[in-house]
Amino acid sequence: MQMFNRTARRLLSLAVVAALLTLLSACDSDEIPTDVDPVERTAAELVEEADFLSTLEAAASESDASLLETLGRSEPLTVFAPGNTALDNWDVEGLLANPALLSDVIQYHVVDGSFTTSDLGEGQTLTSLQGTELSASASSVNGVGYFRIDQDVTNGTVHIVNNLLFSNRTIAERAEFFTPANAFYNALEQYELTAALNDPADDLTAFVPTEASLAGLAPLVQDQDLTDADVTEILQYHLLTESVTAGELVAALSENNDTFTAETVQGEDLVFTAVRAEPEEGEEQGELTGITINGGQASINLGNVDLGSTNGVSHLISGLLLPEAYRPDATETIASTSGLGTLSAALGATGLDATLGDRSAVFTVFAPSDDAFSAYDVDYLLANTDLLSEVLTYHVVGGQELAASALEEGALPTVQGDEITVSFGEEDAVFVNSAQVTQTDLPAVNGVVHVLDDVLLENQPVSLQLRALLATRTLYDNLANAELDGAVDGGDLTVFAPTNDAFEGSGFQGLTFNQRAEALQYHVLPSAVDSATLIDALEADDTFTTETLQGEDVVFTAERDDDGALTGITINDGQASIDLSNVDIEAESSFIHLIDGVLLPPSFTDDGDNA
């Protein structure tokens, strides 16, 4: 099956891939001299005498003594010589331990005839002394750029290159000696797959996970009790049945609305998605900034693509690609994601872990982080599983897998039954109700998980919010003791909620039962007023007065800096200040604003108070 147009393959290899390959590792300019002494010497003498080519000299000497003789011959030759730092990402010791292979590799860097960059022009195919071909131009050889060009030697020309030329070896051999791919090679060897990637008759694409990405394989084997055959499938899922360059992949994405599917050796497909910047004015689409695989399972490292081999091409990726049978469900994704431990425990306590583990269903889960739960009395929630189930299902959209790119402003129905609202802020910030999405697109076989910085309780009554919030537990207890906890529920109200610390030393407990009840009602407005409405009311003369549920007025005063910017809001001439970082806590159709003091009705402080 021909997945890609061969004409596009030739054109794009020059246009697109060349741009990507400029990101490949380059030698440090401080470590290689910008000039080589213009003395008369052969290529062999240059390699032997130049400190910056000492690794190449050692490799040539130890692999095949005749190599330096070849470089010293009188007949003209061209050497594409890797400097010491070009070998930083290679297992030099391993190469030195394989002299026959290393000899082939070094001969692959040498061609008959002297070719300056002006001779090479826009590109020529050259036959190396090893016997296989090189593609060289004035700017690169096999896509590897030059650090220094046209170094004159008496028997030809030397170009210093930025990387080891290894395209005459197989995918498996490259993985064995290219340090960023070593972990992948070790996995291939462990599961007896190296032979499959050493067959020169094949034409494959390998997506090579980094060592950090492959570290996720061992716990997966343990957690799912995978067999060797299972792991073999996973590794084969990283291989396409045809060689696909980065340029061809970019072209396929552009031609298919930024999404493209290709078959793997394992049999299932990989799905590639383009990541683009916002388009400039007049552009139809933004600049390509990345390529993700399987909805975020992995991303292609555009700085390490098109690593050529005799039997295909390799691209480095961040992430581990998993066939469908081995992908985590939503419950497993949450359990394995750092920072979601509290949510995972809550799912287990309510039995919702089984619900989100249903691989035949589809969910979008908005997952509060551990930090989000830290503001709440988690023990109270865990002890009330019916309530907790209602809270958790309010975070789940059923029947839809909504990646971050698919989220739109507006309401979404939840499994609990009420709706949540998606909105967008500055710099593409995404909010669900008032909580911000801090991490997106954690993949699951049955949906997707997005992480939130707060717990969604907007559909719960005021009294429950006050009970669940750690900062307002004392207020809730005082309301319950005054038999007023139900009085703040069910209507459009505004509660100015003193924190626990505010009650300390306030003298509140010294009031009579009736006074405490009145004082608590004095913290409540009989209408829902958010902070923006309150600030607008202060614009006229920096003072706003309104009646409370208790019947007496409360006075708000704006505090401003020298430039007139609002810096705070005080209540009743300093009885309390509103914590502007903790306002607009929604509860049903009401608002809660935290304050740092306890408010007392004016009648309590007048000479004729009713104490």
Side-chain angles (χ1 to χ4, degrees), residues 375-377 379-381 383-384 386-388 390-391 455 457-531 533-534 545-556 569 571-572 575-579 582-606 608-611:
Y376 298 90
D377 187 344
D379 290 338
Y380 164 72
L381 293 172
N384 292 271
D386 288 344
L387 167 64
L388 184 56
E390 188 173 336
V391 169
V455 180
L457 292 172
E458 289 87 347
N459 66 331
Q460 297 297 326
V462 170
S463 61
L464 185 138
Q465 290 246 32
L466 296 177
R467 174 62 184 86
L469 276 167
L470 291 172
T472 57
R473 174 61 190 274
T474 303
L475 173 59
Y476 173 81
D477 288 343
N478 284 324
L479 286 167
N481 291 337
E483 299 178 356
L484 289 173
D485 48 323
V488 293
D489 295 336
D492 294 333
L493 303 174
T494 304
V495 178
F496 293 95
T499 62
N500 300 335
D501 290 341
F503 278 102
E504 293 292 329
S506 68
F508 180 83
Q509 295 303 327
L511 301 175
T512 66
F513 179 88
N514 289 337
Q515 285 177 323
R516 291 197 297 272
E518 279 199 54
L520 291 170
Q521 292 177 81
Y522 186 64
H523 289 77
V524 183
L525 303 185
S527 60
V529 180
D530 63 11
S531 61
T533 302
L534 181 57
T545 302
T546 189
E547 186 177 355
T548 67
L549 194 64
Q550 178 260 356
E552 296 183 56
D553 288 344
V554 64
V555 180
F556 300 90
I569 300 173
I571 308 174
N572 286 356
Q575 269 190 350
S577 297
I578 297 176
D579 178 1
N582 276 299
V583 294
D584 299 332
I585 301 170
E586 294 183 55
E588 291 184 323
S589 55
S590 299
F591 290 101
I592 301 170
H593 309 301
L594 300 192
I595 61 176
D596 64 1
V598 176
L599 304 177
L600 296 177
S603 60
F604 282 28
T605 58
D606 291 344
D609 67 44
N610 57 357

Is a donor from one side chain sitting under 3.5 angstrom from an acceptor on the other, for Asp477 and Thr474? no
Does any part of the side chain of Tyr376, heavy atoms only, come nearer than 4.5 Å to the side chain of Leu469, both counted from C-beta? yes
Ala528 and Ser590: which non-hydrogen atoms are nearest, and at how many Å? CB-CA, 4.5 Å
Shortest non-hydrogen separation from Pro601 to Ala519 and the atoms involved: CD-CA, 4.2 Å
For side-chain contact (heavy atoms from CB on, under 4.5 Å), just list the numbers for Asp579 and Asp596, CA-CA rounded to whole Å, side-chain angles, deciding distance to a tenth of an Å, and then say yes or no. CA-CA 7 Å; Asp579 178 1; Asp596 64 1; over 6 Å; no
The single option from Thr472, Asp377, Asn384 that satisfies side chain to side chain donor-acceptor pair (under 3.5 Å) with Arg467 is Asp377
Check each of Asn572, Thr548, Asp553 against Tyr522 using the side chain to side chain donor-acceptor pair (under 3.5 Å) test, and report the only one that passes. Asn572
Mind checking what makes ring pair (Phe, Tyr, Trp, His ring centres under 6.0 Å) contact with His523, not counting sequence neighbours? none
Rounded distance [0.5 Å steps], CG in Leu599 versus CD1 in Ile571: 5.0 Å
CG/Leu457 to CG/Leu381 distance, rounded to the nearest 0.5 angstrom? 7.5 Å
The reported gap from OG1 in Thr546 to CG in Leu525 (rounded to nearest 0.5 angstrom) is 5.5 Å
Can you see which heavy atom on Ala587 is nearest to which on Pro461, and at what distance? CB-C, 4.0 Å
Euclidean distance, Asp489 CG relative to Ser589 OG, rounded to 0.5 Å: 10.0 Å
Under 3.5 Å: donor-acceptor pair, side chain of Gln460, backbone of Val391: no
Evaluation steps, side-chain contact (heavy atoms from CB on, under 4.5 Å), between Thr499 and Asn582: CA-CA 11 Å; Thr499 62; Asn582 276 299; over 6 Å; no
Spacing of Gln465 atom CD and Ile585 atom CD1 [to the nearest 0.5 Å]: 7.0 Å
Decide side-chain contact (heavy atoms from CB on, under 4.5 Å) for Leu493 and Val462; before the verdict, give the C-alpha distance in whole Å, the side-chain angles of both, and the deciding distance to 0.1 Å. CA-CA 9 Å; Leu493 303 174; Val462 170; 5.7 Å; no
Apply side-chain contact (heavy atoms from CB on, under 4.5 Å) to residues Ile578 and Phe496 and explain how you reach the verdict. CA-CA 8 Å; Ile578 297 176; Phe496 293 95; 3.9 Å; yes
For Gln550, does its backbone N or O pair with a side-chain atom of Glu518 as donor and acceptor, under 3.5 Å? no
Just by distance, do the side chain of His593 and the backbone of Asp584 share a donor-acceptor pair under 3.5 Å? yes
Do the side chain of Thr494 and the main chain of Ser527 share a donor and acceptor less than 3.5 angstrom apart? yes
Nearest 0.5 Å, please: how far is OG1 in Thr545 from CD in Glu552? 13.0 Å
Short question: side chain of Asn500, backbone of Arg473 - any donor-acceptor pair under 3.5 Å? yes
With sequence neighbours left out, write down each residue that passes ring pair (Phe, Tyr, Trp, His ring centres under 6.0 Å) with Phe508, or none if nothing qualifies. Phe503
Look at the side chain of Glu390 and the backbone N and O of Asp386, then say whether any donor-acceptor pair between them is shorter than 3.5 Å. no
Shortest non-hydrogen pair, Ile595 vs Ala502, comes out as O-CB, 4.3 Å
Hey, does Leu520 have a side-chain heavy atom less than 4.5 Å from the side chain of Leu475? yes
Quick check on the 6.0 Å ring-centre criterion: do Tyr380 and Tyr476 meet it? no
